[in-house]
4 protein chains.
Amino acid sequence: MAPRTAKQYEEIKRKKSSLIIDTALLRFSEDGYKSTSMQSIAKEANVSKGNLYNYFESKEALLESVLRYGLDQFSAFYEQISSGISSEKKFEHAIRSNFDMIKSNKVFWKLYFNLISQPSAQLLFTKIIGPFLEEYMKVFETYFRKKGDKNPAVTALLLGSTMDGVSLGYIMMGEMYPLDDIIDQLIEKFK
Amino acid sequence: MAPRTAKQYEEIKRKKSSLIIDTALLRFSEDGYKSTSMQSIAKEANVSKGNLYNYFESKEALLESVLRYGLDQFSAFYEQISSGISSEKKFEHAIRSNFDMIKSNKVFWKLYFNLISQPSAQLLFTKIIGPFLEEYMKVFETYFRKKGDKNPAVTALLLGSTMDGVSLGYIMMGEMYPLDDIIDQLIEKFK
Amino acid sequence: MAPRTAKQYEEIKRKKSSLIIDTALLRFSEDGYKSTSMQSIAKEANVSKGNLYNYFESKEALLESVLRYGLDQFSAFYEQISSGISSEKKFEHAIRSNFDMIKSNKVFWKLYFNLISQPSAQLLFTKIIGPFLEEYMKVFETYFRKKGDKNPAVTALLLGSTMDGVSLGYIMMGEMYPLDDIIDQLIEKFK
Amino acid sequence: MAPRTAKQYEEIKRKKSSLIIDTALLRFSEDGYKSTSMQSIAKEANVSKGNLYNYFESKEALLESVLRYGLDQFSAFYEQISSGISSEKKFEHAIRSNFDMIKSNKVFWKLYFNLISQPSAQLLFTKIIGPFLEEYMKVFETYFRKKGDKNPAVTALLLGSTMDGVSLGYIMMGEMYPLDDIIDQLIEKFK
DNA sequence: AATGAATGAGAATTCATTCAT
DNA sequence: CATGAATGAATTCTCATTCAT
């Protein structure tokens, strides 16, 4: 019989790869990277342990893929504001969009906070997500400078930290955290 | 030689216990809870592996002790403000004291952020530290209410989250993080 | 297009089979039989893993083919002397030819020494190469007997062992081994 | 209860360590290094897999210990002749001693030939045994030079190779190999 | 004949914990 | 209370081989 076409194989790879990444994201996020075994991911994704390694050559490589995948979201969001924030309205929108993004992908951001202080993953982390955050902060710095802030870099960093803290609270406490009210006040304080 | 008195034994035990806790805190904090082996703690604390288990019946119990020990600090700090914050000056002082505490015990707070999203440790975590934080926030809520804030609970939560975010940034970035400037602005925004 | 004739197919199969054997010989020789994966052979021979198994039904069968293929060389060489060695000149020529053969196919002889003490492959080994060696030694035995040697079987065996040892040295040490000088002395001692 | 004394522990370590090395030597020798699993060594030595790693931190480290242990023998033998070979009688004795050593520890020398062409172990090999062999050859070189040999280095190398080949034959063929007769002839040819 | 995804049985190694002394 | 050897389950990863197409 004829072998599958290259396209068919690609399709298989793409789909299963996605499935594995989704599953891994979920498990890493819920159980923590270190505590998640490749076995458990395989099982949950209905893939044999061996086959997992046909897709990702190590646990670390799988994590990297998971992070890159999550980053794409972030990236899409960043596009919207990378051209600069030119008004209070735009600022407000940027902040709200940011949290929308977090709301719509809590799993990924839980992983983010899970990893942020894990030395084992820190390298990966700074390699993939770090650079993005920096650029992101620059946009806000510019906004604050235009507004006449005397120390826009610090303000941007404070804003960033605040958003980190709020996100962390929301991720950890779940629906008990009054995210929308918090966002309103946050905007009020920084706009 | 005269046999040691019961008190002396007590003393020895207390000291060794302390030493183990200190060592564990350091290792958990630097390497992560999951990645730290009992072996490595024993070695660094100059205690035999078997003896470790005379002091703490399991790795988890050791972690619990480490957290309780760290909490004592927090507790001491909380005493200062538990009676209420009655002026802007007091508020500023409270905030600064809080960060002083963090500065003076970065190791513990690194562990705090390391654990906060580790499900394996989350139960422990909420059991020991959670209740404290809640009371802590209440004090700020009262302060904001007195100041006429329309939504003091939310403001207190935002403040708490901001402090979390700032602490996280400081812990992660180390001396690159302009903590003092950040604190100044934070106080300005919330006082 | 006209369908290929049976002969053409035959030809293709033969060529690919040859290619696989060459590749396997190289890999087995360089990396060791146990340490060489079927995967790596497939990749280097530009053959799919599955297809490999259309040509050779197992790794062991592939090794067997590799050995048989190498033996053909040996066999051709043996032809030259199988009719007997009738003079010192012929003896010298036989020895030199033997080492020429080894020089011209170091890869195979490296594999030979790699396998000679691997139990996993020993059966195969003795099955395929053993019988040849025996006959080979007989020719020398006859030569030594004719020369009046009192213990020609032992001398032949000593010669064989010496040639093994020299080959081993040459294979292992590469160009640092003064093979030609060694051969001269060897001939001197045995002729 | 009082803990075991340091001496007791040392004794345990020494004995078990020896047992493991002996077992590993046997298994490596019979089955080949690559094909021997740590599991199988543990089982045969009546040691748990985990405990194996209390004694040797990796399979490679275990191999290294096995080799060093075997080298001690070689070393003891080398002592005898390191001061130089001053007569044909001494030469003969040196050769015979060498083969006595091999006879009395066939298992080790089987491993030697097993490893000699395994790339995975080659580094280890050259690190531990290589330097010894070189010195060993020097002694013979000196002997041949004194005897007026025009190319003593080559002769020594040929002798070494011959001894390698003879040893290999003996190790591989076992009692079918007429070792004693071979040695007699070997001495005759080189003395 | 050809493809490469899938399987599953190990392999080496780690580690919390227990045990004998 | 102290010691460190011993255990065994779990973990990551490899690889010959099979399968569906």
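Throughout, a chain's letter reflects where its sequence line sits, starting with A, and its residues are numbered from 1.
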S.K.: Going from CG on A:Leu63 to CG on A:Leu25, what distance comes out if it is rounded to the nearest 0.5 angstrom?
M.R.: 10.0 Å
S.K.: Specify the closest pair of heavy atoms between A:Asp31 and A:Ser35, including all atoms of both residues, with the distance to one decimal.
M.R.: O-CB, 3.2 Å
S.K.: Atom CD1 of A:Ile41 to atom P of F:dC13: distance rounded to whole Å?
M.R.: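 About 11 Å, once rounded to whole Å.
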S.K.: Is any side-chain N of the basic residue among A:Arg68 and A:Glu64 closer than 4.0 Å to the acidic one's carboxylate O?
M.R.: yes
S.K.: How would you label the contact of B:Ser40 with the nucleic acid (heavy atoms, under 4.0 Å): base, sugar-phosphate, or nothing?
M.R.: nothing
S.K.: When rounded to the nearest 0.5 angstrom, what distance separates NZ in B:Lys34 from CD in A:Gln118?
M.R.: 11.0 Å
S.K.: Please state how far atom CE in A:Met38 lies from atom P in E:dG8, giving the value in whole angstrom units.
M.R.: 17 Å
S.K.: Between F:dT12 atom P and A:Glu60 atom CD, what is the distance in whole Å?
M.R.: 12 Å
S.K.: Taking for each residue the nucleotide of DNA chain F bearing the nearest heavy atom, is the 5' side occupied by A:Ser58 or by D:Ile12?
M.R.: D:Ile12
S.K.: Given atom CD of D:Glu10 and atom C1' of F:dT3, what is their separation to the nearest angstrom?
M.R.: 14 Å
S.K.: Please say whether the positively charged group of A:Lys13, taken as NZ for Lys or CZ for Arg, lies over the ring of A:Tyr55, i.e. under 6.0 angstrom from the six-membered ring centre and within 45 degrees of the axis.
M.R.: yes
S.K.: When Watson-Crick pairs (N1 to N3 and N6-O4 or O6-N4) and G-U wobble pairs (N1-O2 and O6-N3) count only below 3.5 Å on both distances, what is the dot-bracket string of DNA chain F, with | for other-strand pairs?
M.R.: .||||||||||||||||||||
S.K.: Provide, to the nearest angstrom, the distance between the CZ atom belonging to B:Arg27 and the P atom belonging to E:dC15.
M.R.: 13 Å
S.K.: Please figure out whether D:Lys59 or A:Lys16 has its closest DNA chain E nucleotide nearer the 5' end.
M.R.: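 So the residue in question is A:Lys16.
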S.K.: Between B:Thr36 and D:Thr36, just flag the one whose closest nucleotide in DNA chain E comes earlier from the 5' side.
M.R.: D:Thr36
S.K.: Determine the contact category for B:Ser17: base if any of its heavy atoms lies under 4.0 Å from a base atom, sugar-phosphate if only primed atoms, P, OP1 or OP2 are that close, otherwise nothing.
M.R.: nothing
S.K.: Please determine if A:Lys59 forms a cation-pi arrangement with A:Phe28, meaning its NZ or CZ atom is less than 6.0 Å from the six-membered ring centre and no more than 45° off the ring axis.
M.R.: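 Negative - A:Lys59 is either too far from the ring of A:Phe28 or too far off its axis.
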S.K.: Decide if atom OH of A:Tyr69 counts as having more than 12 heavy atoms of other residues, nucleotides or ligands within a radius under 6.0 Å.
M.R.: no
S.K.: Decide salt bridge (charged side-chain N to carboxylate O under 4.0 Å, His left out) for A:Glu11 and A:Arg14; before the verdict, give the C-alpha distance in whole Å, the side-chain angles of both, and the deciding distance to 0.1 Å.
M.R.: CA-CA 5 Å; A:Glu11 183 65 9; A:Arg14 215 179 43 68; 3.2 Å; yes
S.K.: Roughly how many Å is it from NZ in A:Lys7 to P in E:dA5, rounded to a whole number?
M.R.: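 In whole Å, E:dA5 P lies 17 Å from A:Lys7 NZ.
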S.K.: Where along residues 46-56 of chain B does a heavy atom fall under 4.0 Å from DNA chain E?
M.R.: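 The stretch gives B:Lys49, B:Tyr53 as the residues lying under 4.0 Å from the strand, ordered by number.
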S.K.: What heavy-atom pair brings A:Ile171 and A:Lys106 nearest, and what distance separates the two atoms?
M.R.: CD1-O, 3.8 Å
S.K.: So, OP1 or OP2 of E:dG4: does either fall under 4.0 Å of a side-chain N or O from A:Lys13?
M.R.: no
S.K.: Just how far, in rounded Å, is C1' of F:dA5 from CD of D:Glu11?
M.R.: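 Rounded to the whole Å, the gap is 14 Å.
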S.K.: Just to confirm, is there a sub-4.0 Å distance from OP1 or OP2 of F:dC15 to any side-chain nitrogen or oxygen of C:Lys34?
M.R.: no
S.K.: Measure the distance from CD on B:Glu57 to P on E:dT17 and round it to the nearest whole Å.
M.R.: 9 Å
S.K.: D:Tyr112 pairs by side-chain contact (heavy atoms from CB on, under 4.5 Å) with which of D:Ile116, D:Leu115, D:Asn114?
M.R.: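 That would be D:Ile116.
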